[in-house]
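Report on the structure given below.
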Amino acid sequence: MRLSRYFLPTLREDPAEAEVISHKLMLRAGMIRRLASGIYSFLPLGLRALRKVERIVREEMDRAGALEVLLPLVQPAELWKETDRWDRFGKELLRFKDRKEHDFCLGPTHEEVITDLVRGEVRSYRQLPLILYQIATKFRDEIRPRFGLMRGREFIMKDAYSFDADEEGLDRSYRLMYETYERIFSRCGLRFTAVLADTGAIGGEESHEFMVLAETGEDVIASCPSCGYAANLEMAEAVREYFYPEEEERPLEKVSTPGVRKVEEVAAFLGVPTWKLVKTLLYLVDGKPYAVLVRGDHELNEVKLRRALGAEKVEMADPETVERLTGAPVGFAGPVGLSGLTIIADKAVAGLKNFVTGANEEDAHYVNVNHPRDFKIEAFFDLRNVTEGDLCPRCGKPLELTRGIEVGHVFKLGTKYSEAMGATFLDREGKERPFVMGCYGIGVSRTVAAAIEQNHDENGIIWPLALAPFHAALLTLGADSDLLQASERLYQALWESGVEVLWDERDERPGVKFKDADLIGLPYRVVLGKKFKSEGKVEIKPRRGGETLMLSPDEAVSFLASKVKEAQSS
RNA sequence: CGGGACGUGGCUCAGCCUGGUAGAGCACUGGGUUCGGGACUCAGGGGUCGCAGGUUCAAAUCCUGCCGUCCCGACCA
């Protein structure tokens, strides 16, 4: 492609709308443009990168024996009512009516549609297992879209669904998809890890997330360098036991703490360490009030809370509810004297002596609180986020916390959807049974952003060869006809030998070409300039750094062709 | 949904507090010089100052409402 004829509007300055690096760079490199909040157009360069991811996904899914379909974006409400998700799915489900006043939604995911398709067509265990997938646009009306393609409302996703006759079959399909995902992200040239995950709103039994490791990731991963255990925060079990020093229980005492609410403020005010405080968090769990106790220096994890109580929905009580339950404004809740709700606690609270809590009274705290002397805890659970220093639940060595971007998610769904929708087949004995299902997603557009988030420097993107929109940039520095003719011959020869090259033959100064080349970050930069005129050599420089090669045009072609071939066969 | 910030040529922003003929840099068009890390110069084109109302002799500027965008939080592949 000749750059003078390409559509590549690069920006020299960071656009005001972007905060994270991948978003800034994608805008600056002319890959995407925003149409509305969380909704983006792909420009030619961005589309080429997207297609690279899609192609790898497609090849690997096909290799695994999955079959590609294309399902509708617009879906009728009736289908969603069958699984009750019409009511249960939050506002992310964008609903609307057609001209006949029939309810529809934009598909945020396609379990209902695929289950409907399969229940109509698949009758026998002999047709199983079946794995169907699509690469398509999804729409989720996110509460707060942000970070460009990382959390858009409209996005490209690969979603796959497996149908098996039994649990063993599901295990095989799940394993197959897990391995396929490892192949996909390896081929993309990304550093990633698979972690244990919660199944969330989609529901199901077992789940792993595939995380691209990047400092700027939204998710925290707990991993164990010794044994390879890895889980996201919701799943990482806090196994560390605390043995508190023997202390005599001192008498309960109410102290005045005017205007002091936050843990750090209270600790500083009373001159005690933050771990001697116990936070009392008020929650509505499926509508019922709970007081949840967590040590002052720990953080409650709501997903753990939901799971511990087997609840559908947990939400923090609003200030009015807090006041009604405790008789005090937010910031002074405590377990002593609380009634009409259930008190539970994180395990780390067990055995803590003479701690500090709110007094359910404005500007007052209790000191020397003791359990069970002063109040009663119904049950202890693992409710807190692990922190640096927590121990691996599998091998007991210290855990490390790193950040990642979720690009893939695999679930075992079981029969949740097939039962709800009456999707059944006849087994060997002629008995009707629901399909045992799995579902497997990859955020395709997010993967592009994650790749940039993981691979960039102060000058721009540094594409992994497998995802690069072009393999190389050819810069012609100068406009004399010899140079242009030699460049054109090289350009043709590169394409003919399988090297996708973007030729910058614009009438621009060298600095402009170098800056743009760095910004769009193609893996190799090939320069024809002075050295070519004097010595007949072209300059090849890897974008990632490393030595610059001076080669003849023929050598340059075979060098780049071999690099490309190498990457494609890995 | 709560809190905060912002909205002025395609982009980045100044001007607003203290009302008085709409600006800069980049980008774009034409000329000249330049040519290995975002050149210089001359001449140009391009703006309902987010929208609607109000105050005023006069509103980008002050007031009210709405819309949009971004950030933090709750939520989520």
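Protein chains get the first letters and strands the later ones, always in sequence-line order, with residue 1 at the start of each.
- The aromatic rings of A/F559 and A/Y524 sit perpendicular, their planes meeting at an angle over 60°, well past the 30° parallel limit.
- With both ends at atom C1', the span from B/G37 to B/G23 equals 31 Å, rounded to whole Å.
- Rounded to an integer number of Å, the gap from CG of A/D219 to P of B/C76 is 12 Å.
- No salt bridge links A/R2 with A/D504; every basic N to acidic carboxylate O contact stays at or beyond 4.0 Å.
- Summarising the geometry, the separation between NE2 on A/H23 and C1' on B/U69 is reported as 11 Å, rounded to the nearest angstrom.
- Look at CZ on A/F139: it is 14 Å from C1' on B/A77, rounded to the nearest Å.
- Side-chain atoms of A/H456 and A/E453 include no donor-acceptor pair closer than 3.5 Å.
- Of the C1' atoms belonging to B/A43 and B/A52, the separation is 40 Å, rounded to the nearest Å.
- B/G2 is paired with B/C72 under the criterion used here, namely a Watson-Crick or G-U wobble arrangement in which both key atom distances are under 3.5 Å.
- At a threshold of 4.0 Å, the pair A/E299-A/R384 does not count as salt-bridged, since none of the basic side-chain nitrogens sits closer than that to a carboxylate oxygen.
- Taking atom C1' in both B/C11 and B/C28, the straight-line distance is 12 Å, to the nearest Å.
- Between A/R146 and B/C71 there is no side-chain polar atom (N or O) within less than 4.0 angstrom of OP1 or OP2.
- Here the rule is ring pair (Phe, Tyr, Trp, His ring centres under 6.0 Å) with A/W80, and of A/F89, A/Y417, A/W86 only A/F89 fits it.
- Across all strands shown, B/A39 forms a Watson-Crick or G-U wobble pair with B/U33, both key distances being under 3.5 Å.
- A donor and an acceptor atom, one from each side chain of A/S552 and A/E555, are located under 3.5 Å apart.
- With salt bridges taken as basic N to acidic carboxylate O contacts below 4.0 Å, one links A/R187 and A/E60.
- Backbone-only contact: A/R34 has heavy atoms under 4.0 Å from sugar-phosphate atoms and none from a base.
- Straight-line distance from the CG atom of A/L35 to the C1' atom of B/G68: 13 Å, rounded to whole Å.
- When the C1' atom of B/C75 is taken as reference, atom CD of A/E234 falls 12 Å away, rounded to whole Å.
- Map A/V20 and A/S445 each onto its nearest nucleotide of RNA chain B; the residue landing nearer the 5' end is A/V20.
- Taking atom C1' on both nucleotides, B/G68 is separated from B/A22 by 23 Å, rounded to a whole Å.
- A/L281 has its CG atom 13 Å from the P atom of B/A74, to the nearest Å.
- Look at CZ on A/R151: it is 5 Å from C1' on B/C76, rounded to the nearest Å.
- Both distances falling under 3.5 Å, in either a Watson-Crick or a G-U wobble arrangement, place B/G44 opposite B/C28.
- B/A74 atom P lies 17 Å from atom CG of A/L282, rounded to whole Å.
- Considering every non-hydrogen atom in both A/V501 and A/A473, the closest pair reads CG2-C, 4.4 Å.
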Sequence-aligned protein contact record of nucleotides 7-12 of chain B, with B where the base is within under 4.0 Å of a protein heavy atom and S where only the sugar-phosphate is: -----S
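- In this structure B/G7 sits in a base pair with B/C67, meeting the Watson-Crick or G-U test at under 3.5 Å.
- B/A27 sits 33 Å from B/C66 when the C1' atoms are compared, rounded to a whole Å.
- Taking a cutoff of 4.0 Å between a charged side-chain nitrogen and a carboxylate oxygen, A/R151 and A/E218 qualify as a salt bridge.
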Write down the protein N/O and nucleotide N/O pairs, taken from nucleotides 33-37 of chain B, whose separation is under 3.5 Å; answer none if there are no such pairs.
{"from": "B/U34", "atom 1": "O2", "to": "A/R509", "atom 2": "NH1", "distance (Å)": "2.6"}
{"from": "B/G36", "atom 1": "O6", "to": "A/K530", "atom 2": "N", "distance (Å)": "3.0"}
{"from": "B/G36", "atom 1": "N1", "to": "A/E539", "atom 2": "OE1", "distance (Å)": "3.1"}
{"from": "B/G36", "atom 1": "N2", "to": "A/E539", "atom 2": "OE1", "distance (Å)": "2.8"}
{"from": "B/G36", "atom 1": "N2", "to": "A/E539", "atom 2": "OE2", "distance (Å)": "3.1"}
{"from": "B/G37", "atom 1": "O6", "to": "A/R525", "atom 2": "NH1", "distance (Å)": "2.6"}
{"from": "B/G37", "atom 1": "O6", "to": "A/R525", "atom 2": "NH2", "distance (Å)": "3.2"}
{"from": "B/G37", "atom 1": "N1", "to": "A/D518", "atom 2": "OD2", "distance (Å)": "3.0"}
{"from": "B/G37", "atom 1": "N2", "to": "A/D518", "atom 2": "OD2", "distance (Å)": "2.1"}

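- Among the atoms of the strands shown, base atoms are found under 4.0 Å from some heavy atom of A/R28.
- Straight-line distance between the P atoms of B/G2 and B/G46: roughly 44 Å, to the nearest whole Å.
- Under the Watson-Crick or G-U wobble criterion, with both distances below 3.5 Å, B/C62 is paired with B/G54.
- B/C17: no Watson-Crick or G-U partner with both key distances under 3.5 Å is found in any strand.
- Spacing of C1' atoms, B/C71 relative to B/G10, comes out at 25 Å, to the nearest Å.
- Considering only side-chain atoms of A/S37, the nucleotide from B/U69, B/C76, B/G73 that sits closest is B/U69.
- Between B/C71 and A/R144, a contact under 4.0 Å exists linking OP1 or OP2 to a side-chain N or O.
- There is a side-chain donor-acceptor pair under 3.5 Å between A/E111 and A/T109.
- A cation-pi arrangement, defined by a distance under 6.0 Å to the six-membered ring centre and an angle within 45 degrees of its axis, is absent between A/K138 and A/F155.
- Between A/Y178 and A/H208, the ring planes lie perpendicular to each other; the angle is over 60°, past the 30° to 60° tilted range.
- Nucleotides B/U64 and B/G25 are separated by 36 Å at their P atoms, to the nearest Å.
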